[in-house]
Amino acid sequence: MTPALREQVRQRAKDCCEYCQMPQSCTRLPHEADHIRAQKHKSPTKLTNMCWACALCNGHKGSDASAYIPDTDELVRLFNPRVDEWHDHFEWDGPELHGKTGIAQATIELLKINSETRVSHRRMLIEVGEFPPDLND
Ligand SMILES: [Zn+2]
């Protein structure tokens, strides 16, 4: 990946994770340019297949393309920031991310977005007014 492409991905996302919305400014681990469809699955390294992801979301996602909805065990594709509208799938319930769709619930589970440490990190950021970020245009 070229530095220019990486920068385009970062700016398009306003330097926030496109899964859990964590701003880079609120975490020490560096955000990464994620291949939505992994290179392992013969995906292109281009803007339409890339998203900006925090190290935790990206690390848990790995090369996966699908996951199970926790309550039903139905296998579904993961949330795709290039195809899906974030607010159609997710909403904040305080520091916890709520999945409105099976795709969102499976993504939250696989990426461990509501792990205890991540929820308490967000709770602290909410208290100081730094979360969630204003991502409206
Ligand atoms: Zn994230």
Side-chain angles (χ1 to χ4, degrees):
M1 172 169 347
T2 65
L5 177 61
R6 186 180 181 284
E7 183 59 18
Q8 276 184 293
V9 174
R10 189 183 73 78
Q11 283 186 11
R12 179 177 60 188
K14 299 178 180 170
D15 217 357
C16 293
C17 176
E18 294 189 69
Y19 297 105
C20 76
Q21 296 193 328
M22 183 59 65
Q24 176 65 81
S25 60
C26 293
T27 179
R28 286 188 196 172
L29 293 170
H31 283 22
E32 298 158 348
D34 168 50
H35 285 79
I36 296 166
R37 176 172 161 175
Q39 290 176 295
K40 176 181 174 181
H41 302 298
K42 302 190 191 311
S43 75
T45 299
K46 59 182 193 183
L47 208 49
T48 52
N49 184 47
M50 307 301 295
C51 78
W52 197 236
C54 72
L56 296 174
C57 284
N58 198 26
H60 291 302
K61 178 172 170 283
S63 62
D64 289 2
S66 59
Y68 293 91
I69 302 171
D71 290 339
T72 66
D73 278 343
E74 183 190 348
L75 184 66
V76 294
R77 70 173 176 84
L78 296 177
F79 173 76
N80 180 335
R82 298 284 74 78
V83 173
D84 303 313
E85 192 64 44
W86 194 91
H87 288 99
D88 290 345
H89 288 271
F90 301 103
E91 63 189 356
W92 289 111
D93 179 9
E96 294 205 20
L97 189 58
H98 172 69
K100 298 196 243 181
T101 63
I103 286 173
Q105 291 158 16
T107 301
I108 289 168
E109 181 77 4
L110 183 74
L111 275 51
K112 303 191 191 310
I113 290 174
N114 285 331
S115 76
E116 210 173 306
T117 53
R118 295 174 76 176
V119 168
S120 63
H121 181 213
R122 288 193 295 263
R123 184 175 293 121
M124 184 200 74
L125 292 171
I126 289 168
E127 281 171 13
V128 296
E130 291 188 28
F131 196 86
D134 180 12
L135 293 171
N136 297 321
D137 291 317

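We count residues from 1, following the sequence as given. Counting starts at 1 for both ligands and their atoms, following the listed order. It should be emphasised that the depicted structure is a prediction, and the values quoted were computed from it without experimental measurement.
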side-chain hydrogen bond (donor to acceptor under 3.5 Å, both in side chains) assessment of Glu7 paired with Gln11: CA-CA 6 Å; Glu7 183 59 18; Gln11 283 186 11; 2.8 Å; yes

Pro132 versus Gln21, closest heavy-atom pair with distance: CB-OE1, 4.1 Å

For Leu47 against Arg82, the heavy-atom pair lying closest together: O-CD, 3.8 Å

Gap separating the CG atom of Asp34 from the SG atom of Cys17, nearest 0.5 angstrom: 8.5 Å

Within less than 2.8 Å of the Zn ion (ligand 1): protein N, O or S atom count: 4

Modelled atom types, side-chain donor and acceptor of His35 and Thr45, under 3.5 Å: yes

Check against side chain to side chain contact (heavy atoms under 4.5 Å, CB included), Asn114 and Arg122: CA-CA 10 Å; Asn114 285 331; Arg122 288 193 295 263; 3.1 Å; yes

